[in-house]
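Heavy atoms only: backbone and side chains are in, while hydrogens, waters and symmetry mates are out.
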Amino acid sequence: MLDLCADAKRTAHLCGVGCGHHTSRRTALKLGLAGGAAAALSGCVTTNRATGQSQLTGFSTLEDDRKIGREQHPKLVEAFGGEYENPRLQSYVSRLGEELARYAEYQEFQYQFTIVNSPIINAFALPGGYCYVSRGLITLASNEAELAGVIAHEIGHVNARHTAQRIAQSQLAQGLLLGAVILTGQQAIGQLGSGIANSVLKSFSREQELEADSLGMRYMSEAGYDPEAMVGFLDTMRDHSQIEAEKRGLPADSVDERNINATHPRTIERVQQARTIAAEYAAAGQVVNRDRYLQNINGMLYGDDPKQGIVRDTVFIHPDMRFRFEVPEGFTIQNGANEVVAQKSNVKAAIVFDADRSKSGDILTYLTQEWGKGVSMTDTGRIDINGRPAATGATRINGLDYRAVAIQGEGDRVFRFRFISDPAQTSSLSVPFRETTYSFRLLSAAEASRIQPYQIVVVPISPGDTVASLSSGFPEGKFSQAAFRVINDLKPQQALPAGGRVKVVVGGGGV
């Protein structure tokens, strides 16, 4: 099927329309909880060891936290590109996390620290001690204390049991928790199913983020790290988000509402409040360990992993699957786990690309009877795209125009485009969408073998070096100098240090 529901939601987001809703505990308690039911609810409130506060956790126990973590861990890792295959760096992160976890209140958890193979700046945690940092986040940090702050923050979420708290609130709002209390008295955790991962990845509340900040600073300071490093990294992430916003044609200060690429709120107020918290934990002799950090990240991947496909400005290339295509000027490509999405700021349109397997063996039959089964299409027909048999058709669903293109790959593989647009803009996008369609081509084995990833290399600053010269290898085009500055913790007008070492980007050949 065309996955039209997901497409409609995606294009709605282009216009700034939110799709979530929030039910507060107070509102949920108005859903008829009274008398004996309300009394039963008191059994769902526990005192958290880490925060000292009473919190609603439903009938979720510590064993439930561990069970959720075990079950959801492989799914979450897969969703974020798998584990980053760098044993030396993974060992370094694990040792750092284990040292921080020594100071956590819930020692019943078996803490596990994983680098996920994603260039997106992100960190998150599952209940039971499962903590994750993305490869992209590691490239952004400037020293060991900054990474320690991120990991300690996620340990804070685990120990504050924020996910269990959120699950309980969701259950209560839906009446699930009350039903479990009245009917069985058993744990309601099993009713949640695959919704756990979605709950984990939703943004925590402002209060929960500050709570995790405070706990994280406690852990990192007890481990001997300067808690001000967490504040500095929050500020760096805000700088990075501003660059990303500018790439998409958005106001730089829009990141103070929400970082469009992260699961955590990134507000200027949070940075300011974190600075106040850090002052409480500051002590003599605390370290940042910049040199050790740079030594461990030297040589790691920067940006996309070719195994997952790579983005070069408006071009998407997949060396392993051996194809490439180009999107219209002004569109920004996002490489996801299962699909590639290109969007343009202030334009209600999207290009969605993915792959499938055909059962019929005929590309037009695949389009109309497999992929588009049950969808009324017009203007269907066979086309040729750079020597590959292809088929196309159009439809309109939920007020949006769709142009579907299916391209025959090798064997039963099919490559698919969905061009989605507001009817008012379909005509003006017709030519750019057509150019994207015909830009698709397969790569030869020789072409694919020449494509190399970008890497982070740590180099000394030499006399004569400038921001312009040191950023020349970055793939961000006109934003390359800004990218160099942000991963080296240099503010826009700050002068390049006379000495020391910095991170630069090399490689990326063969495109």
Side-chain angles (χ1 to χ4, degrees), residues 80-90 92-93 114-123 132-144 146-147 150 233 236-237 239-244 246-247 259 261-262 290 292-320 332-337 340 450-461 465 467-490 496 500-511:
F80 280 85
E83 294 188 27
Y84 177 44
E85 297 176 358
N86 186 324
R88 183 190 67 178
L89 188 59
Q90 179 59 65
Y92 171 65
V93 169
T114 303
I115 306 171
V116 291
N117 192 20
S118 170
I120 301 299
I121 311 301
N122 216 337
Y132 309 83
V133 292
S134 69
R135 174 170 52 80
L137 185 144
I138 293 174
T139 66
L140 185 64
S142 293
N143 55 58
E144 188 171 283
E146 289 188 353
L147 181 59
V150 172
F233 191 62
T236 298
M237 285 195 291
D239 291 342
H240 176 270
S241 297
Q242 287 181 324
I243 296 172
E244 292 300 305
E246 290 179 31
K247 286 181 181 179
N259 177 358
N261 279 330
R290 175 174 167 80
R292 184 162 66 186
Y293 186 76
L294 293 178
Q295 179 182 350
N296 277 280
I297 70 168
N298 192 29
M300 71 178 297
L301 282 178
Y302 178 83
D304 294 314
D305 186 336
K307 295 178 183 178
Q308 302 167 349
I310 58 177
V311 178
R312 295 288 189 267
D313 195 17
T314 58
V315 176
F316 182 79
I317 309 163
H318 204 301
D320 281 13
T332 300
I333 301 174
Q334 293 291 321
N335 184 16
V340 179
R450 289 195 293 267
I451 296 171
Q452 300 298 319
Y454 287 107
Q455 291 180 287
I456 289 284
V457 175
V458 179
V459 299
I461 300 174
D465 281 340
V467 169
S469 65
L470 291 170
S471 64
S472 61
F474 282 69
E476 281 85 358
K478 67 178 182 179
F479 294 98
S480 290
Q481 291 191 35
F484 168 82
R485 284 184 174 278
V486 77
I487 73 166
N488 285 290
D489 201 18
L490 292 171
L496 187 68
R501 296 189 294 168
V502 290
K503 293 174 278 183
V504 300
V505 173
V506 300
V511 177

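Under the salt bridge (charged side-chain N to carboxylate O under 4.0 Å, His left out) criterion, Asp239 pairs with Lys491, not counting sequence neighbours. Residues satisfying the side-chain contact (heavy atoms from CB on, under 4.5 Å) criterion with Arg292, sequence neighbours excluded, are Tyr92, Glu144, Tyr225, Asn289, Asn296. Residues forming a salt bridge (charged side-chain N to carboxylate O under 4.0 Å, His left out) with Glu85 (at least two apart in sequence, or on another chain): Lys307.
Of the possible polar contacts, one joining the Asn335 side chain to the Gln308 backbone as a donor-acceptor pair under 3.5 Å is found. Gln455 places no side-chain N or O within donor-acceptor distance of the main-chain N or O of Val506, the cut-off being under 3.5 Å. The backbone N or O of Arg501 lies less than 3.5 Å from a partner atom in the side chain of Arg290, making a donor-acceptor pair. Using modelled atom types, no side-chain atom of Ser118 and backbone atom of Ser134 make a donor-acceptor pair closer than 3.5 Å. The backbone N or O of Ile115 sits less than 3.5 Å from a side-chain atom of Gln90, completing a donor-acceptor pair. Of the possible donor and acceptor atoms, one in the side chain of Ser471 sits under 3.5 Å from a partner among the backbone N and O of Val467. Side chain of Tyr84 to main chain of Leu301: a donor-acceptor pair is present (N/O by atom type, distance under 3.5 Å, no hydrogens or angles).
No option in Asn86, Ile138, Leu147 other than Ile138 meets the side chain to side chain contact (heavy atoms under 4.5 Å, CB included) test with Ile297.
When all heavy atoms of Val486 and Leu140 are compared, the pair lying nearest together is O-CD1, 3.9 Å. Between Gly136 and Ile121 the shortest heavy-atom distance is O-CD1, 3.2 Å. Of all non-hydrogen atoms in Gly303 and Arg135, the two that sit nearest each other are O-NH1, 2.6 Å. Of all heavy-atom pairs spanning Phe474 and Ser480, the tightest one is O-OG, 3.1 Å. Across all their heavy atoms, Tyr302 and Ile456 have their closest contact at CD1-CD1, 3.6 Å. The minimum heavy-atom distance linking Gly309 with Phe316 is given by the pair CA-CZ, 3.7 Å.
A distance of 9.0 Å separates CD in Glu244 from OG1 in Thr332, rounded to the nearest 0.5 Å. If you take CD1 on Ile487 and OG1 on Thr139, they are separated by 6.0 Å, rounding to the nearest 0.5 Å. Here the CD1-OH distance, from Ile310 to Tyr454, works out to 7.5 Å after rounding to the nearest 0.5 Å. Taken to the nearest 0.5 Å, the CD1 atom of Ile451 stands 5.0 Å off from the CD1 atom of Ile317. Phe80 CZ to Asn122 CG: the interatomic distance, rounded to the nearest 0.5 Å, is 5.0 Å. Between the NZ atom in Lys503 and the CG atom in Asp489 there is a gap of 8.5 Å [rounded to 0.5 Å].
Using a 4.5 Å cut-off on side-chain heavy atoms (C-beta onward), Leu496 and Leu470 make contact. By the 4.5 Å heavy-atom criterion applied to side chains, Val133 and Val116 are not counted as neighbours.
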Worked verdict on Val502 versus Val458 for side-chain contact (heavy atoms from CB on, under 4.5 Å): CA-CA 6 Å; Val502 290; Val458 179; over 6 Å; no
Start with the C-alpha distance between Leu490 and Phe484, add both sets of side-chain angles, then the distance that settles side-chain contact (heavy atoms from CB on, under 4.5 Å), and finish with yes or no. CA-CA 8 Å; Leu490 292 171; Phe484 168 82; 4.0 Å; yes
